[in-house]
Every structure is written in structure tokens, then in C-alpha cells.
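Worksheet: one structure, shown below.
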Amino acid sequence: MEQGGASESEAARPHSPRQGPLPEQARGEQTRGGTSPAPPVRRHSVRGQVLAALRDALVTGDLAPGEVYSAPALGERFGVSATPVREAMQQLTLEGAVEVVPNRGFRVVERGAGDLAELAEVRALIEVPVMLRLARSVPAERWEELRPLAEAAGAAAADGDRAAYAECDRAFHRAVLALSGNRHLVMVADDVRLRSQWPTAGAPAVRRADLIADAAEHSALLDALIAQDLPVVRSLIREHFAGGAAVPGP
């Protein structure tokens, strides 16, 4: 079960892998409640921090599918002007997470299970062949160097921190694919992974147990890569992407 441009977020992520989620009562332009102040944003890149916080809010569902959010209201929450919020939302528009609603703000795109299945298929087509090739050529000690990333994902899962887990998951897969030496592949795969992490409309809340099970697959994958057990590598990757659903393999 996967919670699935890298360059913008990597340069702008805060020290912690997670910016706190938007509280329930502060959802931009919703009419059912007001807004409450959030701690002011403090970082070299204000736009980057706002973008990171908005991405976390998408992962956790604090920015709900189908809802409209105004840049001024969100800017008030972060203690910044509407400009960096609007710029961050424009980036999310390019990533397919939100769409512009003229004279109102930005609506979070509603997606269904079919969208996630398609993204899982794309991820499998990109990453499975690469990992199988790496399994044949990368020495065991290089895989062991990635063990701390798998452990970090496990710790985030144990805490039930969905946004932190999503970032740890992305970091793990980036590190694995970086061993290919193909930076364009890493960027493309990371973009697809980012889109895979946004929840679908009406989807049940992700449980801590789900995150823990998902995180355990990282360590299992490293074990299989070290053992050069290609059938297990293939099976683990496809299940990890699709949450156990059938994904066409290469």
C-alpha cells in the first residue's frame, strides 16, 4: 500500500520531514467554519515552506478533495502574504493536485481508485525493470547503506505520522533509484510517486497499522535485493506500489 517535481521540494523542505498539518477549522474558503491563526512561516524560502506544508496537508487529507481554498485565507494561517501561497498552489496545479477556480481560489482535485491504479501501473513500468537490473549489479554493502532510510520510514509509521512517512517513503525510493545513475529517471519516478500519495475522495483514513505494514516492505525489499532474489524483488515492488492490487508486470 503506497501513500504515492522533486527538485522544488528537495531544496525547500524544512529540517523536519514534516510541516504540521492544517487544522480542521482552517480550510481556506470553506463556508462551514472560520479560520484560526497558524504559526508564522520562518525559512529561507517562504514559498518552499508553504509548498511543503500544503503537500503535507494533501497527504493527510487536511486539504480535502473537492474543497476550494483561497490563497489569502491560507496566507493568513501561515503568517505570510497571499503571494507565496498562490505561487505554491500554482506549482501544485502543475503537479495535478489542485485546479484553479476563477475568483475563488484553488480546488483540490477529486480522484478515484482508478487513478491510483493507473499511477501504480506507471510506477511499476518505470521502477521494476530498474530495480531488477540493480539487484544483479549493486553490491550488498551499497544496499545496506540504505537501511537507515528504511528504518526512518518505520519510525514515522510507528508514530502514525502519515506526512512524515510519505516523505520517508519518497526518500527511500529516490535513494534506490539514484543507484542507477540516471537523474532524469529519479525525477520522473519521484513525480509519479508524489501524485500517488494524495488520498482519493471518500477513501477511509489510513491506519497506523497500514503504515507499519507498508514500511516493513522497505526492509524486506532491501533483504531481497541483497540476496538477488529477483522474483521476490518484483513481487514486493508491485505490491508496495499497488497495496496488494494486481499491477501488470513487465
Side-chain angles (χ1 to χ4, degrees), residues 1-4 6-7 9-10 13 15-18 59 116-117 119-197 206-250:
M1 179 206 52
E2 191 76 284
Q3 300 299 312
S7 58
S9 62
E10 304 321 342
R13 295 296 296 180
H15 296 301
S16 167
R18 179 183 178 189
V59 170
L116 291 185
L119 288 167
E121 181 177 354
V122 172
R123 291 192 62 188
L125 290 171
I126 294 173
E127 298 192 39
V128 171
V130 175
M131 289 196 193
L132 292 176
R133 174 168 58 84
L134 293 175
R136 299 184 183 96
S137 59
V138 175
E141 57 268 22
R142 294 297 303 276
W143 294 123
E144 285 294 351
E145 292 173 0
L146 305 188
R147 192 74 67 176
L149 294 175
E151 293 170 350
D159 289 340
D161 190 333
R162 184 173 177 181
Y165 176 74
E167 180 57 29
C168 288
D169 177 73
R170 289 178 62 209
F172 175 83
H173 285 275
R174 282 195 302 266
V176 169
L177 294 179
L179 294 175
S180 70
N182 187 330
R183 61 187 180 87
H184 296 287
L185 182 148
V186 174
M187 288 189 293
V188 170
D190 194 56
D191 179 69
V192 178
R193 185 179 308 110
L194 186 69
R195 294 167 186 257
S196 301
Q197 293 173 336
V206 175
R207 302 172 301 169
R208 189 167 70 95
D210 297 327
L211 295 179
I212 292 173
D214 198 63
E217 293 173 356
H218 294 133
S219 294
L221 177 59
L222 287 179
D223 292 339
L225 288 166
I226 290 169
Q228 296 187 329
D229 191 334
L230 302 188
V232 172
V233 169
R234 181 185 292 107
S235 175
L236 281 171
I237 298 170
R238 290 169 59 193
E239 290 179 8
H240 187 62
F241 291 169
V247 178

To the nearest 0.5 Å, atom CD of Glu217 lies from atom CG of Leu222 at 12.5 Å
*asked:* Has Arg162 got a side-chain atom pairing as donor or acceptor with Val59's backbone, closer than 3.5 angstrom?
replied: yes
Contact check, side chains of Arg170 and Asp190, non-hydrogen atoms, under 4.5 Å: yes
Residues passing the side chain to side chain donor-acceptor pair (under 3.5 Å) test with Ser235, sequence neighbours excluded, are Glu239
Identify every side-chain donor-acceptor pair in residues 176-188 under 3.5 Å, counting partners at least two apart or on other chains, and give the distances.
{"from": "Ser180", "atom 1": "OG", "to": "Leu177", "atom 2": "O", "distance (Å)": "2.6"}
{"from": "Ser180", "atom 1": "OG", "to": "Asn182", "atom 2": "N", "distance (Å)": "3.2"}
{"from": "Asn182", "atom 1": "OD1", "to": "His184", "atom 2": "N", "distance (Å)": "3.1"}
{"from": "Asn182", "atom 1": "OD1", "to": "Leu185", "atom 2": "N", "distance (Å)": "2.9"}

Partner of Leu221 under side-chain contact (heavy atoms from CB on, under 4.5 Å), picked from Val232, Ile226, Ile237, is Ile237
Contacts of Ala157 meeting side chain to side chain contact (heavy atoms under 4.5 Å, CB included) (sequence neighbours excluded), chain-then-number -> Tyr165, Leu211, Ile212, Ala215
When rounded to the nearest 0.5 Å, the distance separating NE2 of His173 from CZ of Arg123 is 5.5 Å
Rounded to the nearest 0.5 angstrom, the CZ-CG distance for Arg208 and Asp161 is 12.0 Å
When rounded to the nearest 0.5 Å, the distance separating CZ of Arg193 from CG of Leu119 is 12.0 Å
Contacts of Ala135 meeting side chain to side chain contact (heavy atoms under 4.5 Å, CB included) (sequence neighbours excluded), chain-then-number -> Leu225, Leu230
Hits for side chain to side chain contact (heavy atoms under 4.5 Å, CB included) against Ala175, two or more places apart or cross-chain, chain-then-number order -> Leu146, Leu149
Got Val192 and Glu127 here, is their nearest side-chain heavy-atom distance under 4.5 Å?
no
Residue pairs meeting side chain to side chain donor-acceptor pair (under 3.5 Å), one or both in residues 147-157, sequence neighbours left out, come to Glu144-Arg147, Arg147-Asp223
Note: Ala124 and Pro129 closest approach over all heavy atoms is O-CD, 3.5 Å
So salt bridge (Lys or Arg N to Asp or Glu O under 4.0 Å) across residues 129-143, not counting sequence neighbours, yields Arg142-Glu145
